[in-house]
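We use all heavy atoms of the structure for the numbers below, so side chains are in, but hydrogens, waters and symmetry mates are not.
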Amino acid sequence: MTPQINTPPIYWSLFNHHSWNFYIAATDKGLSYVGSQNKPFEELAVWAEKRFPGSPLVEDGEKLKPYAAELIEYFEGKRTNFTVPNDLHGTEFQVAVWNALCEIPFGQTKSYSDIANKINKPAAVRAVGAAIGANPLLITVPCHRVVGKNGSLTGYRGGLEMKTQLLDLEIVPSE
């Protein structure tokens with residue numbers, strides 16, 4: 001008989017606030033997934049199996065409340081950065097890119113080459129794009145703030161419509 005390996009659960013909930021509708025998930029260490037707008041549960045399930053093979057998915061809205069609360073504050077214009085802990089799983093390069101994304105101020109954008117320069121890998125612009133595309137924490141790790149060098153909107157896991165909505169949400173009114 002093969003011993004069972006105890007794999008920690010991934011807690012998930014459907015986040016639904018006004019027109020925003022996506023799945024979020026966390027481990028006991030922190031938020032680990034924010035899904036794409038209006039995508040099915042399968043998006044979360046595929047991600048979980050890839051990043052946490054064998055971990056059970058457990059629906060637990062109560063456990064996700066602190067994360068949902070900060071997302072609601074963001075959508076209501078009451079929060080410009082997130083303070084809940086993250087549990088990011090990726091390569092060393094991906095994590096460096098994701099950490100650089102967290103340094104882009106609310107309401108501002110940076111280019112892919114800006115991020116490559118920030119992590120001291122100026123020739124790695126395409127790899128930076130790939131790492132951004134693999135970001136599991138849409139919104140809270142603000143990959144929507146990365147645009148093409150000419151300011152054009154480029155790919156986004158959640159779709160360009162979601163990216164546009166997030167950037168519009170962050171437009172700071174002039175005094």
Side-chain angles (χ1 to χ4, degrees), residues 4-91 94-95 97-107 109 129-147 153-171:
Q4 286 280 6
I5 297 173
N6 189 9
T7 54
I10 306 298
Y11 305 101
W12 68 270
S13 180
L14 177 61
F15 177 86
N16 194 315
H17 181 71
H18 298 299
S19 64
W20 293 97
N21 182 32
F22 50 82
Y23 290 93
I24 58 176
T27 65
D28 286 324
K29 295 178 183 176
L31 186 65
S32 54
Y33 178 82
V34 174
S36 304
Q37 176 79 327
N38 298 319
K39 293 293 183 186
F41 182 79
E42 284 71 33
E43 182 189 49
L44 166 62
V46 167
W47 164 84
E49 187 55 38
K50 182 178 178 182
R51 292 295 180 187
F52 298 93
S55 288
L57 287 169
V58 177
E59 185 175 10
D60 191 339
E62 191 63 33
K63 192 134 183 122
L64 278 289
K65 264 188 178 173
Y67 308 107
E70 286 201 5
L71 284 163
I72 289 168
E73 290 171 355
Y74 169 81
F75 288 124
E76 293 181 349
K78 300 173 184 169
R79 174 171 293 281
T80 59
N81 65 337
F82 295 90
T83 60
V84 290
N86 291 333
D87 185 14
L88 285 167
H89 291 259
T91 66
Q94 287 173 325
V95 172
V97 169
W98 300 337
N99 287 334
L101 298 177
C102 290
E103 294 179 23
I104 303 171
F106 179 90
T109 59
I132 290 172
N135 173 20
L137 289 174
L138 297 183
I139 306 168
T140 61
V141 174
C143 54
H144 60 278
R145 296 180 189 156
V146 180
V147 297
L153 294 188
T154 55
Y156 184 66
R157 178 171 59 89
L160 290 182
E161 183 179 342
M162 183 177 180
K163 185 172 187 167
T164 300
Q165 290 172 331
L166 293 169
L167 291 172
D168 288 348
L169 183 75
E170 293 189 11
I171 293 174

* Asked: For residues Tyr74 and Glu170, is any side-chain donor paired with an opposing acceptor at under 3.5 Å?
  -> yes

* Asked: Under 3.5 Å, is there a donor-acceptor pair linking the side chains of Glu76 and His17?
  -> yes

Would you say the side chain of [Y] lies within less than 4.5 Å of the side chain of [X], judging by non-hydrogen atoms?
| X | Y | value |
| --- | --- | --- |
| His144 | Leu167 | yes |
| Tyr33 | Ile10 | no |
| Lys63 | Asp28 | yes |

Separation of [Y] [atom2] from [X] [atom1] (nearest 0.5 Å):
| X | Y | atom1 | atom2 | answer |
| --- | --- | --- | --- | --- |
| Ile139 | Leu166 | CD1 | CG | 5.0 Å |
| Phe52 | Ser32 | CZ | OG | 4.5 Å |
| Leu137 | Phe82 | CG | CZ | 10.0 Å |
| Ile132 | Thr154 | CD1 | OG1 | 8.0 Å |
| Met162 | Phe22 | CE | CZ | 5.5 Å |
| Asn135 | Cys102 | CG | SG | 8.0 Å |

Contact summary for [X] and [Y], nearest pair of heavy atoms:
| X | Y | result |
| --- | --- | --- |
| Cys143 | Leu138 | SG-CD2, 3.7 Å |
| Pro136 | Trp47 | CB-NE1, 3.5 Å |
| Leu101 | Pro142 | O-CG, 3.2 Å |
| Gly30 | Asp87 | O-CB, 3.7 Å |
| Arg145 | Gly107 | NE-N, 4.4 Å |
| Tyr67 | Ala26 | CE1-CB, 3.7 Å |

* Candidate pair Val34 and Phe15, rule side chain to side chain contact (heavy atoms under 4.5 Å, CB included), full reasoning -> CA-CA 9 Å; Val34 174; Phe15 177 86; over 6 Å; no

* To do: With side chain to side chain contact (heavy atoms under 4.5 Å, CB included) as the test, would you mind laying out the steps for Ser13 and Asp60 before giving the verdict?
  => CA-CA 6 Å; Ser13 180; Asp60 191 339; over 6 Å; no

Measure from the side-chain N and O atoms of [X] to the backbone N and O of [Y], and report whether any donor-acceptor pair falls under 3.5 Å.
| X | Y | result |
| --- | --- | --- |
| Gln37 | Asn21 | yes |
| Thr80 | Phe106 | no |
| Ser55 | Pro8 | yes |
| Glu43 | Gly35 | no |

* To do: Please name the residue in the list Leu31, Ile24, Leu64, Val84 that meets the side chain to side chain contact (heavy atoms under 4.5 Å, CB included) test with Leu71.
  => Ile24

